Amino acid sequence: MRWRGRTRERFTGRLQRSALLLSVVLVVLGGLGIAALAWWVLWILLGAKAQTPDQVDLTKIALSVAAGVGGAVALVVAYRKQRDGERGRFVELFGAAARQLGDADVAVRIAGVYAMAGVADEFSAPSRRQQCIDVLCGYLRLPYDPESGADHLAQRTETVEEAGVKRELRYQLRQNDREVRRAVVDVIVAHVRASAEVSWSQYNFDFSGAVLEDSDFRYAVFAGERTYFARAVFTGNRATTFEHARFLGQYISFRRCVFRGNTTLFRDAEFAPAERAWSELPGAGTRFEGAVFDSPVSFDRTVFRGPAAIFGDVAFAGERTSFAETVFRTGRTEFGGATFDGSAVRFEGAEFDSARISFTRAHFYAARVAFDGARFGVRSRWRRSPTLAVDFSAAEYHGTISFDDTVFDGREADFSDGDFFGEITFRRARFESQRTRFDTPKAWVGVRVDWDVDPTYKPSRITPGTWPPAPAPPAVS
């Protein structure tokens, strides 16, 4: 194995020397070519006449050309030396910071966090800075148990018995790792806020599967192509907050995240992918599908733009869930299969300005759900197609659910196959879609609309024609 390493080093050295030689040769040839071209142009423009060359003039010209070529060669060599020196310095500093991050002592690891950030700030080359960011994010993705995050022990011993034989297992622990992880998050957030002296906002961040305690990402700006929090676990005794944060990349993922903190706040945040050909990119947009919110959560006044805002199969299990005055200006807005539980769910004043809006198979089990004053769909959208469908088909409404003063627009609003069992009101709701369907409900108990007293006031574009809708007969097994 040792001879292979030496062979690889020799080969690498030869490549580097060959590259330097090639650069020098190209510079020399380029210099001679430019000199010849300049001589020819001056000869033509100035109308020089052929005459016997003077030896002194030829010597001056030769010396000038040699000096110019020599200067160019010196510049190339100096540039390559400087570049190699910078590369060597980066490797040295990066390696030192990485060793500190892997140290057993908590103080050394915290110092390593700031050392790695310092390396990223010093070297502005995108690949090198991204490498440092990846290491910091990678530290957060390491296995971590919040219950032992403040443990002062460096190792733990455990005795297990298998088939009557006792064995002693020893585990190496990262001492007081909570403080180190908090330092990593603080350093990253400080570099992605608008006030950062050196900004990392344009880079990619991968927090996939990380355990994040008491995370404070307020006013953070993530403008890199990819920002991943997929499968991350947010926990702690304080709020997990992304208030006023801006997500401007093409791929923003909170898929299958678990939010267990005291509360979760996305108030006044903005999810706005840059205007590129995002409609052609699979997976682009903002994705929360499969996430679990065990804590109260607020998306009040949040704005979603881009190709899609996906909340499919999300479990909102906290005491309160709020999307009050939230704006969805996306190609697709999906809450299909989502479960809304707890004591209160709010969508008051929300604006759904999307080509397709889906709450199909959604489960409204909270004690009270309010869509009062919300607007679903538009007939015309500037530079985009109108809303094609507002889909609440096969949704379940159990509890007190209010669509009072809500506006349904676009081509079609579909409430067919719904399970209406509770106190569901559509007072003063405006059904302006070209077609609205309430056909074949699974149950129709406790629903109130403005034409209950006199069905003749029911708009003709609402089906079925016979009111109230008759529940579908139970399926025969």
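All values reported here derive from a predicted model rather than from experimental measurement.
Ring centroids of F311 and F299 are separated by less than 6.0 Å, placing the two rings close together. Taking the centre of each ring, F242 and F254 come in below the 6.0 Å mark. For F392 and F376, the gap between ring centers is short of 6.0 Å. Taking the six-membered ring for Trp and the full ring otherwise, F217 and F234 have centroids separated by 6.0 Å or more.
Scanning both residues, C257 and F229, for their nearest heavy atoms gives SG-O, 2.7 Å.
Ion pairing between E179 and R182 holds under the 4.0 Å rule for side-chain N and carboxylate O. Under 4.0 Å is where a charged nitrogen must lie from a carboxylate oxygen, and between E351 and R375 no such pair does. A salt bridge is defined here as a Lys NZ or Arg NE, NH1 or NH2 lying under 4.0 Å from an Asp or Glu carboxylate O, and R356 with E334 fails to meet this definition.
The list of salt bridge (Lys or Arg N to Asp or Glu O under 4.0 Å) pairs with a residue in residues 433-449, not counting sequence neighbours, reads E412-R435, D414-R437, R437-D439.
Among the candidates R260, R238, R178, the single residue satisfying the salt bridge (charged side-chain N to carboxylate O under 4.0 Å, His left out) test with E213 is R178.
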Listed pairs under 3.5 Å, donor-acceptor, residues 130-138 side chains, sequence neighbours left out:
{"from": "Q130", "atom 1": "OE1", "to": "N204", "atom 2": "N", "distance (Å)": "3.1"}
{"from": "Q130", "atom 1": "NE2", "to": "D134", "atom 2": "OD1", "distance (Å)": "2.9"}
{"from": "Q130", "atom 1": "NE2", "to": "N204", "atom 2": "O", "distance (Å)": "2.9"}

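Using a 30° and 60° split on the angle between ring planes, F415 and F408 fall in the perpendicular class, above 60°. The aromatic rings of F438 and F426 sit perpendicular to each other, their planes meeting at more than 60°, with 30° as the lower class boundary.
One N or O on the side chain of R109 and one on the backbone of D103 form a donor-acceptor pair closer than 3.5 Å. D419 contributes no side-chain N or O that, together with a main-chain N or O of F421, makes up a donor-acceptor pair within less than 3.5 Å.
No hydrogens or angles considered: nothing links the side chains of D216 and T241 as a donor-acceptor pair under 3.5 Å.
Remark: N237 CG is loosely packed, at most 12 non-hydrogen atoms of other residues, nucleotides or ligands lying under 6.0 Å away. The 12-atom threshold is not exceeded at CD of E423, counting heavy atoms of other residues, nucleotides or ligands nearer than 6.0 Å.
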* Would F340 and F323 count as a ring-ring contact (aromatic ring centres under 6.0 Å, His included) if you check the C-alpha gap in whole Å, the side-chain angles of each, and the deciding distance to 0.1 Å? -> CA-CA 12 Å; F340 298 90; F323 284 85; 7.3 Å; no
